[in-house]
Number of protein chains: 2
Amino acid sequence: MCYKTHYICNIFYYSMLSGKFAITIHILTLLNKFPNDYLSSEYIAGSINLNPVLVRKEIANLKAHHIVESKEGKNGGTKLAVDSSKLTLKEIFEMTFETINLGYAKNQPNPDCPVGKKINQNLDALYAEMNQKVSAQLEGISLDDFSNQF
Amino acid sequence: MCYKTHYICNIFYYSMLSGKFAITIHILTLLNKFPNDYLSSEYIAGSINLNPVLVRKEIANLKAHHIVESKEGKNGGTKLAVDSSKLTLKEIFEMTFETINLGYAKNQPNPDCPVGKKINQNLDALYAEMNQKVSAQLEGISLDDFSNQF
DNA sequence: TTATTTAGTAATAAAAAATGTTACAGTTTT
DNA sequence: AAAACTGTAACATTTTTTATTACTAAATAA
């Protein structure tokens, strides 16, 4: 559910951007509007109103999934590397590591209580079904569909 | 999406428990297992492995929705006040103020950008459809159904 | 009728998560 | 070379979530 932000002394620290999906789809929508240009993180950040470093982090994730390509140096930036009519929101959803659920209690429940012992398992089952429904919805929408609403 | 935790000088402060739904359903499942007893927040907290004060806060929310009733004083506690076969997970979902979504970017996007101007509106529409699907699923499951899995 | 156990809830503290900033090395173009 | 970028580490700040303490009021039981 996370991406690497940095590591110090061989220990990884992760940080999840809760707006990850929203930010990523915003980035992709912009890229799709200008399919021939390399857009800079500064420019994209100006539309999202977000720190450019955070934009570059999301772009790093997209690059890892080969959805975008970027060019360093002057006049560099990022552009789409895939056909936006074939990229579905489901894929974007999965790339941003989101999972639909209604949460879990933070601490491990009491294993000596019949309810505590099984609660997370039963919630998992409920949430899994939820994810299927949501995935089916998102699979039917392409980046291009989404982007054409603007 | 919240419940009142406290207020100071007429200003309300809210805090959302991210495990609110999970905690609430855990509480209700326990109550449904012992429909004739008043269970104490201490006992319930022991099953969830959570601070009793937080359990009482969720119970306060359930009381406000007339789902449970509680009794103060010695041998006091809380018990179900409704028929568990008629209470659906959708109602619990709504009582815990959850909304299914994939998040929003934190800051207000740039209104001068065509994408920034409409992004949240378009996300809203996407998320609204998601909520409908999830609600339909949750409406089909009663507390009793859920509770019988244990 | 007093001690005890419980809910209710305010206030505050602590922990965790999310977001923001600075800094700088490395690339590419002009 | 200078300038404009990406990439990413390190750290700072803010926000959210969870935990704790403390106390009042209510009900029961001894």
Side-chain angles (χ1 to χ4, degrees), chain A residues 1-23 27 37-45 48-64 68-79 96-97 103-108, chain B residues 1-23 27 37-45 48-64 68-79 96-97 103-108:
Chain A
M1 74 187 95
C2 305
Y3 64 88
K4 183 171 58 165
T5 51
H6 54 272
Y7 70 101
I8 306 167
C9 303
N10 281 357
I11 299 165
F12 289 103
Y13 289 87
Y14 291 85
S15 125
M16 168 171 145
L17 209 52
S18 85
K20 212 171 156 62
F21 175 81
I23 289 164
I27 292 169
D37 298 332
Y38 284 91
L39 303 186
S40 75
S41 62
E42 190 83 26
Y43 175 83
I44 295 171
I48 307 181
N49 189 13
L50 188 73
N51 194 289
V53 173
L54 299 178
V55 171
R56 296 204 284 270
K57 280 181 182 166
E58 292 312 313
I59 284 173
N61 184 37
L62 289 167
K63 280 184 68 177
V68 303
E69 57 192 44
S70 41
K71 202 169 73 175
E72 294 190 18
K74 192 164 182 179
N75 297 334
T78 303
K79 71 195 272 292
T96 51
F97 300 96
Y104 299 88
K106 184 193 162 203
N107 302 321
Q108 207 204 319
Chain B
M1 72 189 99
C2 307
Y3 64 89
K4 182 170 58 161
T5 50
H6 56 270
Y7 69 100
I8 308 167
C9 304
N10 282 355
I11 299 166
F12 289 102
Y13 289 85
Y14 291 86
S15 124
M16 167 173 149
L17 209 52
S18 86
K20 212 171 157 62
F21 174 83
I23 289 164
I27 293 169
D37 300 331
Y38 283 91
L39 303 186
S40 76
S41 62
E42 190 82 26
Y43 174 83
I44 295 171
I48 307 181
N49 188 13
L50 187 73
N51 195 290
V53 173
L54 300 177
V55 170
R56 295 203 286 269
K57 280 183 181 164
E58 292 314 312
I59 284 173
N61 184 38
L62 288 168
K63 279 185 68 177
V68 302
E69 58 191 44
S70 42
K71 203 170 69 173
E72 294 189 19
K74 191 162 181 177
N75 297 335
T78 302
K79 70 194 272 291
T96 52
F97 300 96
Y104 299 89
K106 183 192 162 202
N107 302 321
Q108 207 204 319

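Throughout, protein chains are lettered first and strands after them, A, B, ... in sequence-line order, and every chain is numbered starting at 1. Computed from a prediction, not measured in an experiment: that's the story for all the values here.
Residue Ser41(A) places no side-chain N or O under 4.0 Å from the OP1 or OP2 atom of dC5(D). Within the 4.0 Å cut-off from OP1 or OP2 of dC5(D), not a single side-chain nitrogen or oxygen of Ser40(A) is found. Taking only side-chain nitrogens and oxygens, Lys63(A) comes nearer than 4.0 Å to OP1 or OP2 of dG7(D). In this structure, Asn75(B) does not reach the dA27(D) phosphate: none of its side-chain N or O atoms is under 4.0 Å from OP1 or OP2. Using a 4.0 Å cut-off, some side-chain N or O of Asn51(A) falls inside it from OP1 or OP2 of dT21(C).
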Run the side chain to side chain contact (heavy atoms under 4.5 Å, CB included) check on Thr78(A) and Val55(A) step by step: do they pass?
-> CA-CA 11 Å; Thr78(A) 303; Val55(A) 171; over 6 Å; no

List the steps and the verdict of side chain to side chain contact (heavy atoms under 4.5 Å, CB included) for Ile23(A) and Leu54(A).
-> CA-CA 9 Å; Ile23(A) 289 164; Leu54(A) 299 178; over 6 Å; no

Could you list the protein-to-nucleotides 22-26 of chain D atom pairs, N/O on both sides, closer than 3.5 Å?
residue: dA26(D); atom: O4'; partner: Glu72(B); partner atom: OE1; Å: 2.9

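In this structure, Asn75(A) and Tyr38(A) approach most closely via the heavy-atom pair O-CB, 4.2 Å. Taking each heavy atom of Asp37(A) and Lys79(A) in turn, the nearest pair found is O-CB, 3.4 Å. Looking at every heavy atom in both residues, Ala22(A) comes nearest to Ala105(B) through CB-N, 3.7 Å. Among all heavy-atom pairs drawn from Ile59(B) and Ile44(B), the shortest one is CD1-CD1, 4.2 Å.
Counting to the nearest Å, the P atom of dT21(C) and the CD atom of Glu42(A) are 12 Å from each other. Remark: P of dG8(C) and CD of Glu69(B) are 12 Å apart, rounded to the nearest angstrom. One atom, CG of Asp37(B), and another, P of dA7(C), lie 13 Å apart when rounded to the nearest Å. Look at NZ on Lys20(B): it is 14 Å from C1' on dT16(D), rounded to the nearest Å. Rounding to whole angstrom units, NZ of residue Lys71(A) and P of dC5(D) are separated by 11 Å. Phe21(B) has its CZ atom 20 Å from the C1' atom of dT18(D), to the nearest Å. Spacing between atom CG of Asn107(B) and atom C1' of dA18(C) amounts to 12 Å, rounded to whole angstrom units. A straight line from NZ of Lys57(B) to C1' of dT17(D) spans 10 Å, rounded to a whole angstrom.
Of all nucleotides listed (dT18(D), dT8(D), dG20(C)), dT8(D) comes nearest to the side chain of Ala60(A).
Summary of the strand contacts: Lys106(B) and Ala105(A) both lie near DNA chain D, and taking for each the nucleotide with the nearest heavy atom, the more 5' one is attributed to Lys106(B).
Environment of CD in Glu42(A): sparse, with no more than 12 heavy atoms of neighbouring residues, nucleotides or ligands closer than 6.0 Å.
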